[in-house]
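A note on names: the letters A, B, ... follow the listed sequences, proteins ahead of strands, and every chain is numbered from 1.
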Protein chains: 2
Amino acid sequence: MLPEFESYLKKNADFPEEVIKAMYDLAIVKTLKRNESLLQAGDVCRYKVFIAKGLLRCYVTGGNGNEHILQFCPENSWTLDVESYDNQIPATTNIAAIEPSVVLLWTKSDFEKLRIDFPILKQFSEILISRSIYQNRHRVATTLSATPEEKYEDFVTRYPNLLSRLPLHMIAAYMGISLKTLTRIRHSQLNR
Amino acid sequence: MLPEFESYLKKNADFPEEVIKAMYDLAIVKTLKRNESLLQAGDVCRYKVFIAKGLLRCYVTGGNGNEHILQFCPENSWTLDVESYDNQIPATTNIAAIEPSVVLLWTKSDFEKLRIDFPILKQFSEILISRSIYQNRHRVATTLSATPEEKYEDFVTRYPNLLSRLPLHMIAAYMGISLKTLTRIRHSQLNR
DNA sequence: TTGAATTATGGTCAAATGACCAAGTTTTTA
DNA sequence: TAAAAACTTGGTCATTTGACCATAATTCAA
C-alpha cells in the first residue's frame, strides 16, 4: 500500500480502510521518469490516473508543434482525457511526467466496478467532477478576459507551490503566451 | 405545456409523458425581451434554465468593462452559473437574452426533487454534464492553441446556425479577439 | 413607417507580442 | 564529478493586434 494514497483518501474523503484496500488491490502502480509519457494523443485513454508523487502535465500540440498545457497534475490529484476515457475513443491530449512520479492506474471497467460497490466513491467522484467543472469555467473566463499580467497574477495566487517546480516555458504554455512575454512581465515586476 | 419543451425531451431523452408533465408543473415560464437580463454577476443563480425559444448569452465583464462570452445558449439548451447554483453563492457570470426568448426555470430544490423522483432525469442530467465538460475542454484547448483564423473556422463549423443570428462583435467576444481582428479575417477570406 | 439605435467595415497609428538569436547559469545524467 | 542538456534572460526586428474614429448600411422600436 502506498502511504500517500491512503492518507489522501482518509483526509479528503473520509474513506474507510476497506474501500481504500479494495481500490488499491485493483490499481496498477506505475513509476514515471522525468518527461516519460503516460498517454499520447491518438491512443485511447485506458486508465483513470491518481498521482501519488510527482507532477504531470496534460497538454495538446498545435499545428506548429508547440505545446499548450491544459492542466498541471501534482501529487494528490487525478487526471485523464475524459472524453477518450468515457467513450474509449482516441485521445486529443497528451499526458507526461514533469518530475519523476508515481501514479496509480485503474481501467475503466475496474473503476466502474468500484464505483458500484462503494457508493462513497461514487459520491466523491461527483465532488471531483464538480471541482473540475468550476476550474475549467474559471480557466475559460480568465483566458478570455485577463491580460498576460493578470493571468500571471492569477497563476501565482492559485498555484503558489507549483511556481518553483515548473520551468517558465511551461507556465507560459499554460497561460497561452510566449516565453518572451512572460519574462518581460517578470522583469517589469522587479521594478515595482 | 410548451410544445418546444415537450418535443425536446421526447426526442432527446425519451422521457415518458408523466415526467415531462411533472417537470412542467414545477417550472416557471418566463418571457425575455431582447437584451433583457436573467442573471447578474453578484446575484445568486437561483434557477436552472432551459431555453425553449430564442437565444441567450452567458458572459463575464473584464476590468475595462468589455464583455467576454462564455457560452451561447440557443433554443433546446440549458444554462446556469454552475458554481453559483450548486452552492447558492454569488455568481461571477451574467446571463442575458440576445433575441426575444422563452425560458423555463426551476429552483434548485424543485429540480433536486424531480431528480430524486425520476431516475431518468438524473441520468439525462449526467449526460448533459459530460457534454458540457467535453465542450469546456475543447474550448480551453482551442482558445490556447488556435490562431484567430482557426478559432473563426472552428466557430463556423461548430455553430453554423448561430452565425447568422449573432452580431459580429459578440462572435469576437466569444473568440477572445477584437471586432477589428474579426472583420480583418473575414475580409481576407473574401479574397480566397 | 420613420427616426433612433445598432451594426459592419475601413483607415491610421501606437503598443503588444512572437520569432529568432545569443550568452550565461543551473540542472541533469552518465 | 564532468560533460551535456535544459533553462533564464536579454536584444532586435517584423508582425499582429487593439484603440480610436468615421461612415454607410441595416435593424429595431415606437
Side-chain angles (χ1 to χ4, degrees), chain A residues 31-36 54-55 57 59 61-69 72 96-101 143-153 155-156 162-192, chain B residues 31-36 54-55 57 59 61-69 72 96-101 143-153 155-156 162-192:
Chain A
T31 300
L32 297 168
K33 291 180 198 157
R34 198 173 98 98
N35 285 327
E36 188 175 342
L55 178 59
R57 72 190 189 281
Y59 64 98
T61 34
N64 41 10
N66 44 16
E67 271 187 35
H68 299 273
I69 296 178
F72 292 116
I98 296 174
E99 301 173 358
S101 306
T143 309
L144 285 180
S145 70
T147 63
E149 283 86 351
E150 291 166 344
K151 284 176 194 168
Y152 185 60
E153 283 304 330
F155 187 88
V156 171
L162 289 186
L163 208 56
S164 56
R165 297 165 69 180
L166 292 169
L168 289 184
H169 71 88
M170 286 196 187
I171 299 181
Y174 180 91
M175 292 169 47
I177 63 177
S178 71
L179 172 58
K180 185 70 210 251
T181 303
L182 180 53
T183 63
R184 275 198 266 245
I185 291 171
R186 288 162 59 88
H187 179 84
S188 76
Q189 288 194 341
L190 290 180
N191 312 345
R192 263 204 283 126
Chain B
T31 300
L32 296 169
K33 291 179 197 157
R34 197 173 99 97
N35 285 328
E36 189 174 343
L55 179 59
R57 72 190 188 280
Y59 64 98
T61 35
N64 41 10
N66 44 16
E67 271 186 36
H68 300 274
I69 296 178
F72 293 114
I98 296 175
E99 301 173 356
S101 304
T143 309
L144 285 180
S145 70
T147 63
E149 282 86 351
E150 290 165 344
K151 285 176 195 169
Y152 184 61
E153 284 304 328
F155 187 88
V156 170
L162 290 185
L163 209 56
S164 56
R165 295 165 69 180
L166 292 169
L168 288 184
H169 70 88
M170 287 197 187
I171 298 180
Y174 180 91
M175 291 169 47
I177 63 177
S178 70
L179 173 57
K180 187 69 211 256
T181 303
L182 181 52
T183 61
R184 274 198 268 243
I185 291 170
R186 288 162 59 89
H187 179 84
S188 77
Q189 288 195 339
L190 288 180
N191 312 345
R192 264 203 287 126

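Put simply, CD1 on I185(B) is 15 Å from C1' on dT15(D), counting in whole angstrom units. Remark: P of dT8(D) and CZ of R165(A) are 15 Å apart, rounded to the nearest angstrom. Computed from coordinates, the E67(A) CD to dA6(D) P distance equals 13 Å when rounded to whole Å. Summarising the geometry, the separation between CD1 on I98(B) and C1' on dT6(C) is reported as 14 Å, rounded to the nearest angstrom. Between L168(B) atom CG and dT26(D) atom P there is a gap of 14 Å when expressed in whole angstrom units.
Between H187(B) and the phosphate of dT9(C), there is no side-chain N or O to OP1/OP2 separation shorter than 4.0 Å. Contact annotation: H169(B) side-chain N/O to dA8(C) OP1/OP2 distance is not under 4.0 Å.
Residue I69(B) holds its CD1 atom at 9.0 Å from OH of Y59(B), rounded to the nearest 0.5 Å. E149(B) contributes atom CD, which lies 11.0 Å from atom CZ of R184(B) (distance to the nearest 0.5 angstrom).
Using a 4.0 Å cut-off between charged side-chain N and carboxylate O, R34(B) and E99(B) make no salt bridge.
Using a 4.5 Å heavy-atom cutoff, the side chains of I171(A) and L163(A) are in contact.
A donor and an acceptor atom, one from each side chain of Y152(B) and R186(B), are located under 3.5 Å apart.
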Readout for nucleotides 12-30 of chain C: B = base within 4.0 Å of protein heavy atom, S = sugar-phosphate only, - = neither; 5' to 3' it is B----BBB--------SS-
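A donor-acceptor contact shorter than 3.5 Å is absent between the side chain of E153(A) and the backbone of E150(A).
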